[in-house]
Structures are given as structure tokens and as C-alpha cells.
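Remarks on the structure that follows.
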Amino acid sequence: MWKGMPNKIPVHFNLLGEADEWGSKSQCWVFPVMSLFVYIGIGAVMNFPGIYNNPVIIKKKNKEQVYSFIQHLFVTTRLLVVCVLTYIFFEMIFQIQLPAFLFFGILFLAFINVIFWFYKIMKLE
């Protein structure tokens, strides 16, 4: 696959999903590496619930539930971020224009994800 890949690949896309900047094929590793760092980074933060900037005051009666909801928020956010990076990676590598609604749909889900979990957390107080 590497040998068959053109030397120049798209590395930046406009809002319509059209390539507007080109770079060397060695830049194709940026998104998989970035995905790995995001995945590991969010996973590491999940192990230290005391460092979260929580939207509610943590009390004994709500502590476990708040931390559980925040864990769910992190897991779903991590999945959605990796989906966005994978979307961009596939556009770069295969030089195809995927439907823009997929990208915006994933971003919309990320927004709804945060609202949903914050709403559930705020209801606990």
C-alpha cells in the first residue's frame, strides 16, 4: 500500500471536505499517532477522578454516580474523537471525499454527548 501511495497526499480539508493543502505521504502517520495519544491520554485521565473539574459539588451521596457519569462522558468522547481522526485519515490516505454529513454528524454527536452527560450530572445535585 505504501509503495502504491502517491508522494503528495491531501493534508488539510475545507468545510466541504475538499483538499486545500497537500503534503508528503509521510504525513499520513500524523492522525493515527494523534488518535493513539488521544485514546491513551483520555484513558489516563479517567484513572484520576479527583482531578476533574466537575460541574457539581461532589458529596458522599453523589460521588459514585457523578464519577460514573463522567467516566461515560470520557469513554464516549474518546470514541467520537477517534472517529473524527479516522474520518480525516481515510480521506487523506484513500484520497476520496467522504460525505460531509458524516463529519458534521460526528461533531454533532460529540456536542450532544457533552450536553447529555452534563445534564445527567446536574440532575444529581
Side-chain angles (χ1 to χ4, degrees):
M1 183 171 168
W2 183 261
K3 288 182 181 181
M5 189 183 297
N7 289 330
K8 282 189 158 190
I9 61 169
V11 294
H12 190 268
F13 301 89
N14 62 21
L15 286 176
L16 299 175
E18 301 162 343
D20 59 5
E21 191 173 322
W22 298 79
S24 101
K25 68 181 178 182
S26 63
Q27 289 178 290
C28 74
W29 295 107
V30 170
F31 288 103
V33 169
M34 197 181 318
S35 291
L36 183 63
F37 278 121
V38 166
Y39 191 85
I40 291 170
I42 292 175
V45 169
M46 287 171 52
N47 292 320
F48 302 100
I51 65 171
Y52 304 159
N53 186 5
N54 297 305
V56 296
I57 296 172
I58 305 296
K59 301 174 186 161
K60 278 191 175 196
K61 70 177 187 174
N62 71 358
K63 180 179 181 178
E64 292 302 316
Q65 194 69 43
V66 169
Y67 286 162
S68 172
F69 286 167
I70 291 174
Q71 292 284 322
H72 284 89
L73 170 64
F74 277 134
V75 167
T76 52
T77 300
R78 179 168 65 173
L79 171 67
L80 291 167
V81 168
V82 170
C83 284
V84 166
L85 293 173
T86 301
Y87 173 93
I88 296 168
F89 177 71
F90 272 91
E91 279 200 335
M92 268 177 43
I93 297 303
F94 298 111
Q95 296 186 10
I96 55 172
Q97 185 174 350
L98 297 172
F101 74 86
L102 284 177
F103 180 75
F104 290 111
I106 295 168
L107 291 180
F108 177 75
L109 286 175
F111 181 70
I112 295 301
N113 177 53
V114 171
I115 290 172
F116 173 77
W117 288 110
F118 268 62
Y119 174 75
K120 287 192 68 112
I121 292 168
M122 297 303 282
K123 278 182 62 175
L124 289 175
E125 193 165 38

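Count residues from 1 along the sequence. The figures here come from the full heavy-atom set of this structure, side chains too, leaving out hydrogens, waters and symmetry mates.
- Of the inter-residue distances, the one linking I9 atom CD1 with S26 atom OG reads 7.5 Å to the nearest 0.5 angstrom.
- Not a single side chain to side chain contact (heavy atoms under 4.5 Å, CB included) links E64 to another residue, sequence neighbours left out.
- Rounding to the nearest 0.5 Å places CE of M34 at 11.5 Å from CZ of F89.
- The only member of V84, L85, T86 that meets side-chain contact (heavy atoms from CB on, under 4.5 Å) when paired with V82 is T86.
- Hydrophobic side-chain contacts under 4.5 Å tie L36 into a cluster, directly or through other members, with I40.
- Listed by chain and residue number, Y87, P99 satisfy the side chain to side chain contact (heavy atoms under 4.5 Å, CB included) test with L102 (two or more places apart in sequence, or in another chain).
- Note: W22 CH2 to N7 CG = 12.5 Å, rounded to the nearest 0.5 Å.
- With a 4.5 Å cut-off on side-chain heavy atoms, Y39 and V81 do not count as touching.
- With hydrogens and angles disregarded, a donor-acceptor distance shorter than 3.5 Å links the side chain of Q27 to the backbone of S24.
- The two residues W29 and P32 have their closest heavy-atom pair at O-CD, 3.4 Å.
- If you take CG on N113 and OG1 on T76, they are separated by 3.0 Å, rounding to the nearest 0.5 Å.
- In this structure, Y67 has no ring-ring contact (aromatic ring centres under 6.0 Å, His included) partners at least two apart in sequence or on a different chain.
- Note on ring orientation: taking the six-membered ring where Trp is involved, the planes of W117 and F69 are tilted (angle from 30° to 60°).
- Grouped by direct or indirect side-chain proximity (heavy atoms under 4.5 Å, Ile/Leu/Val/Met/Phe/Trp/Tyr only), I115 sits with F108, F111, I112.
- There is no path of hydrophobic side-chain contacts, each under 4.5 Å, that joins F118 to L79.
- At a threshold of 4.5 Å between non-hydrogen side-chain atoms, the residues M46 and V75 count as touching.
- The line from CD1 of I121 to CZ of F116 is 10.0 Å long, rounded to the nearest 0.5 Å.
- Clustering of Ile, Leu, Val, Met, Phe, Trp and Tyr by side-chain heavy atoms under 4.5 Å joins V33 with F37.
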